[in-house]
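Just so it is clear: chains get the letters A, B, ... in the order the sequence lines come, proteins before strands, and each one is counted from 1.
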There are 2 protein chains.
Amino acid sequence: MPRKPKMKNLSPAALDMIAARFRVLSDPSRLALLHALMEGERNVAQLVEHTGLSQANASKHLSQLAEAGFLARRKDGLFTWYGVADPGVFELCDLMCGSIARKLGRDLQEIA
Amino acid sequence: MPRKPKMKNLSPAALDMIAARFRVLSDPSRLALLHALMEGERNVAQLVEHTGLSQANASKHLSQLAEAGFLARRKDGLFTWYGVADPGVFELCDLMCGSIARKLGRDLQEIA
DNA sequence: TGACTATATTCCGACATAGTTATATAGTCA
DNA sequence: TGACTATATAACTATGTCGGAATATAGTCA
């Protein structure tokens, strides 16, 4: 029987999936929408008001976030309410902020 | 004095920084390079061999990863050795994989 | 029913990005 | 020195993405 590999191999398809989800988080407008939803569910008009995005633009970004599974939508009459479906997304952002802090610290060391 | 806000506000510049770093992780070729470096430092030729990327393409992706602070470069004669500068990048990938697993689980529930 | 409202979608132009090919840079060795 | 090697960069093309304007879709209410 073949030797057990030291490290799990990631298939190209898996890499594509992971990359696609990172891409959803790689836009400041979408991050602003996520941030605006930390305190709880909001509808589109509220998010437009809060972020300054256009209605069409906000709607598109919200759809992408929901499609990726970070947000959940709930329709109530004319309104669509968006809320966080996977709180793990905030852990991701926190980790990224920590990574940025470490990098800035290292950059500072280089200069000093 | 002004009331202390419930939640820290993120400046547009901060959102841009975070988004830019997520963008670096949003490409399967770069994820493959990162994955190939989990076991330790490698030079460009080794990474080209391991990933199947072209030399020019690999070099560009490696530069981006180093620029973002995820990788460190070390030159030794003709060779350039790349290694992980911030292991936090693997935590980010692990978290993202967990998030994918949760989403797939939820999608499964919907069908069942 | 028809006017109105909230949200989603389509179309389009501007710009960014990934990959290839060719070339530049710089270190090694005869 | 000159031939060779490893890596980086430039130029180009094809494709992807963002945002705006206009329009479509549905739900509400008179």
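- Scanning all heavy atoms of the two residues, the minimum distance from Pro87(A) to Ala85(A) falls at CD-O, 3.8 Å.
- Rounded to whole angstrom, the span from the CG atom of Asn57(B) across to the P atom of dT20(C) amounts to 6 Å.
- The main-chain N or O of Leu37(A) is never found under 3.5 Å from a side-chain atom of Arg42(A) such that the two would form a donor-acceptor pair.
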Checking Leu31(A) against Cys93(A) for the side-chain contact (heavy atoms from CB on, under 4.5 Å) test, could you report, in this order, the C-alpha distance in whole Å, the side-chain angles of both residues, the deciding distance, and whether it holds?
CA-CA 9 Å; Leu31(A) 293 179; Cys93(A) 292; 4.3 Å; yes

Below 3.5 Å, can you tabulate the donor-acceptor pairs from side chains in residues 75-82 of chain B to any protein atom, sequence neighbours excluded?
| from | atom 1 | to | atom 2 | distance (Å) |
| --- | --- | --- | --- | --- |
| Tyr82(B) | OH | Arg73(B) | NE | 3.3 |
| Tyr82(B) | OH | Arg73(B) | NH2 | 2.8 |

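- The stretch residues 41-53 of chain B has no heavy atom under 4.0 angstrom from DNA chain C at all.
- The salt bridge (charged side-chain N to carboxylate O under 4.0 Å, His left out) test applied to Arg74(B) returns Glu41(B), not counting sequence neighbours.
- Using a distance-only test at 3.5 Å, with no hydrogens or angles considered, no donor-acceptor pair links the side chain of Ser59(B) to the main chain of Gln55(B).
- Interface remark: the Gln55(B) side chain does form a donor-acceptor pair with the dA8(D) base, using a distance-only criterion of under 3.5 Å.
- The two residues Ala36(B) and Leu47(B) come nearest to each other via the heavy atoms CB-CD2, 3.8 Å.
- For Tyr82(B) and dT7(D), the OH to P distance is 9 Å, given to the nearest whole Å.
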Can you give each donor-acceptor pair under 3.5 Å made by side-chain atoms of residues 103-112 of chain B, sequence neighbours left out, with the distance rounded to 0.1 Å?
| from | atom 1 | to | atom 2 | distance (Å) |
| --- | --- | --- | --- | --- |
| Lys103(B) | NZ | Asp107(B) | OD1 | 3.1 |
| Lys103(B) | NZ | Asp107(B) | OD2 | 2.8 |
| Arg106(B) | NH1 | Gly69(A) | O | 3.3 |

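- Atoms CZ (Arg73(B)) and P (dA6(D)) sit 18 Å apart, rounded to a whole Å.
- Here dT5(D) presents its P atom at 11 Å from CZ of Phe79(B), a figure rounded to the nearest Å.
- Between dG19(D) and His61(A), a contact under 4.0 Å exists linking OP1 or OP2 to a side-chain N or O.
- Applying the 4.0 Å criterion to OP1 and OP2 of dA8(C), one finds that Thr80(A) has a side-chain N or O inside that range.
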Show, in sequence, the C-alpha distance, side-chain angles and deciding distance for Asn43(B) and Gln46(B), and conclude whether the side-chain contact (heavy atoms from CB on, under 4.5 Å) test is met.
CA-CA 5 Å; Asn43(B) 64 40; Gln46(B) 291 172 332; 3.2 Å; yes

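- The structure places CE of Met17(A) at 5.0 Å from CD1 of Ile100(B), a figure rounded to the nearest 0.5 Å.
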Verdict with supporting geometry, Val84(B) and Met38(B), side-chain contact (heavy atoms from CB on, under 4.5 Å)
CA-CA 8 Å; Val84(B) 176; Met38(B) 285 187 74; over 6 Å; no

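- Atom pair Leu62(B):CG and dA18(C):P shows a separation of 13 Å (rounding to whole Å applied).
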Sequence neighbours excluded and cut-off under 3.5 Å, please list the side-chain donor-acceptor pairs for residues 23-30 of chain B, or say none.
| from | atom 1 | to | atom 2 | distance (Å) |
| --- | --- | --- | --- | --- |
| Arg23(B) | NH2 | Ser26(A) | OG | 3.3 |
| Ser26(B) | OG | Arg23(A) | NH2 | 3.2 |
| Ser26(B) | OG | Arg23(B) | O | 2.6 |
| Asp27(B) | OD1 | Ser29(B) | N | 2.8 |
| Asp27(B) | OD1 | Arg30(B) | N | 3.2 |
| Arg30(B) | NE | Val24(B) | O | 2.6 |
| Arg30(B) | NH1 | His61(B) | ND1 | 3.0 |
| Arg30(B) | NH1 | Gln64(B) | OE1 | 3.3 |
| Arg30(B) | NH2 | Arg23(B) | O | 3.3 |

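- In plain terms, the two heavy atoms of Ile18(A) and Cys97(B) that are nearest each other are CD1-SG, 3.7 Å.
- Distance CZ/Arg21(B) to CZ/Phe22(A): 11.5 Å, rounded to 0.5 Å.
- The side chain of Ser54(A) contributes no N or O atom lying less than 4.0 Å from OP1 or OP2 of dG19(D).
- Within the model, atoms CD of Glu91(B) and CG of Leu95(A) stand 5.5 Å from one another, a figure rounded to the nearest 0.5 Å.
- As judged by a 4.0 angstrom heavy-atom cut-off over every strand, Ser59(A) is placed among the base-contacting residues.
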Nucleic acid footprint by protein, nucleotides 25-30 of chain C - heavy-atom cut-off 4.0 Å, B for base, S for sugar-phosphate alone:
-BBS--

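- Using a 4.0 Å cutoff on non-hydrogen atoms, the parts of residues 64-72 of chain A near DNA chain D are Gln64(A), ordered by number.
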Might you list the N or O atoms of the protein lying below 3.5 Å from N or O atoms in nucleotides 10-15 of chain D, with each pair's distance?
none

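- Taken from CG in Leu34(A) to OG1 in Thr51(A), the straight-line distance is 11.5 Å, to the nearest 0.5 Å.
- Both key distances under 3.5 Å define a Watson-Crick or G-U pair, and stretches of 3 or more such consecutive pairs in DNA chain C run C:1-30 with D:1-30.
- We find the CG-CG distance between Leu71(A) and Leu33(A) to be 8.0 Å, quoted to the nearest 0.5 Å.
- At whole-Å resolution of the value, CG in Leu31(A) and C1' in dC18(D) are 14 Å apart.
- Within a heavy-atom distance below 4.0 Å of DNA chain C, no residue of residues 14-29 of chain A is found.
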